[in-house]
Protein chains: 2
Amino acid sequence: MVVDQLSEDEVDRMFQALADATRRDIVARVLVAEYSVSGLAEQYDMSFAAVQKHVAVLERALLVTKEKRGREQIVRGQVDGVQRARRLLDDYERIWRQRVERIEEILEKD
Amino acid sequence: MVVDQLSEDEVDRMFQALADATRRDIVARVLVAEYSVSGLAEQYDMSFAAVQKHVAVLERALLVTKEKRGREQIVRGQVDGVQRARRLLDDYERIWRQRVERIEEILEKD
DNA sequence: CTGATCTACAACCATGTGGTTGTACGTTAC
DNA sequence: GTAACGTACAACCACATGGTTGTAGATCAG
C-alpha cells in the first residue's frame, strides 16, 4: 500500500530536515515535552536565530508545529510526520522482501 | 532500545541521501533488481556523471553497494541501511508513545 | 511608561549540493 | 590493434544550507 499523501517535495523536505543532528535532537525533545523556541535555544551551543531556523525547517517538513502562546511560540512534535517518513522506509523493505521471496520461489521450483 | 551502531554523521548521510527523489528512485530500483551505473543512468533525464554522483552519495550513506563486474559496476540495494533508518524513526514514535502513556497515567490517577 | 524578553527577519559568509562538460583510463568486441 | 563502452574524476556554475550579527515588533513585569 504505497499510498502516502505526500508529494515528492514534501518527502524531500522531511528527510532533509532529519539529516541534521541538532534537528533530530529537537524532534526528540519536543516529542517528549513542550518547548518555547528560546527554551530550545538554551539547549544548544548556537545562536537563537540558528535554532529558530532549525525549527522553521522542521515546521516546513511537517515534523513539528508552532503555536503562539503569549509572547512565546510553543513547539510540539508532530508524530504523524515521523510516521509518514517511517512508512516510506517500510515500503522499501517490503519491496525488497517481495523480491527475495520471488527469488526463493524461482530457486525452489522443482 | 535506542542502540543503533550509527554515528550521527552516518545518520546525517543516510537521511541526506534519502532527501532526493532521484536517489529514492534509485534505491527502489536496486532493491528490486541489479543495475549497472550506466543502466541506471539510462532511466533518468540527466547526465551519466550526475547519476554516478547520486550513486556515490547512496554508497557513502550505506544504502547501496557497488561491485565491479568486468567493465561495469553493479549497484545493489543495501536493505539493512534502510532498516537502520527506519528503526531510528521507530525510536521517535516509541518516545512519543511513552509520553502519551505517561500523560494518560497522570490523568487517570484516581 | 520603561525595560526586559521572545520572536521574526534581513543581510552576510563559508561551505555543500546537484547539475553540467571535458578528459582519462580500463575493458570488451571485432 | 582499434573502436566503442563503462567508469572515474576534475573543474565549473547556480543555488541551498547552516551559521553569524543586527534590527525591529510584540508582549510581559514593575
Checklist entry - Separation of B:Asp9 atom CG from C:dG16 atom P, in whole Å? => result 12 Å
Checklist entry - Could you give the CG-to-P distance, from B:Asp12 to C:dT17, as a whole number of Å? => result 10 Å
Item to check | Main-chain N/O of A:Ser7 paired with A:Glu10 side-chain donor or acceptor, under 3.5 Å | outcome: yes
Next on the checklist: I need the CZ-P distance between A:Arg13 and D:dA16, as an integer number of Å.
Outcome noted: 13 Å
Item to check | CD on A:Gln78 to CD on A:Gln83, rounded to 0.5 Å | outcome: 10.5 Å
Item to check | Nearest-0.5 Å distance that lies between atom CD in B:Glu59 and atom NZ in B:Lys66 | outcome: 4.5 Å
Checklist entry - D:dC15 C1' sits how many Å from A:Gln16 CD, rounded? => result 13 Å
Checklist outcome for this item: note: B:Gln73, atom CD; D:dC9, atom P; distance rounded to Å ~ 10 Å
Checklist outcome for this item: In terms of heavy-atom contacts, A:Phe48 and A:Ala41 come closest through CD1-CB, 3.9 Å
Checklist outcome for this item: Heavy-atom contacts, protein to nucleotides 19-30 of chain D, under 4.0 Å, summarised as B (base), S (sugar-phosphate only) or - (none) per nt, yield BBB-----BB--
Checklist entry - Rounded to whole angstrom units, what separation is found between the CD atom of A:Glu59 and the C1' atom of C:dT7? => result 13 Å
Next on the checklist: Please report the interatomic distance OG1(B:Thr65) to CD(B:Gln73), rounded to the nearest 0.5 Å.
Outcome noted: 10.0 Å
Checklist entry - Where along residues 33-44 of chain B does a heavy atom fall under 4.0 Å from DNA chain D? => result B:Ser36, B:Val37, B:Ser38
Item to check | Separation of B:Ser36 OG from B:Glu67 CD (nearest 0.5 Å) | outcome: 13.0 Å
Item to check | B:Gln52 side chain near C:dG19 phosphate (N/O to OP1/OP2, under 4.0 Å) | outcome: no
Checklist entry - In terms of heavy-atom contacts, does CZ of B:Arg60 have more than 12 from other residues, nucleotides or ligands at under 6.0 Å? => result no
Item to check | Whole-Å gap separating C1' (C:dG18) and CG (B:Asp25) | outcome: 16 Å
Item to check | Residue pairs passing the salt bridge (charged side-chain N to carboxylate O under 4.0 Å, His left out) test where at least one lies in residues 11-21 of chain B, sequence neighbours excluded | outcome: A:Arg24-B:Asp12
Checklist entry - Is A:Arg23 reaching over with its side chain to a backbone N or O of A:Leu18, donor-acceptor style, under 3.5 angstrom? => result no
Checklist outcome for this item: From CD1 of B:Ile74 across to C1' of D:dC5 the rounded distance in Å is 14 Å
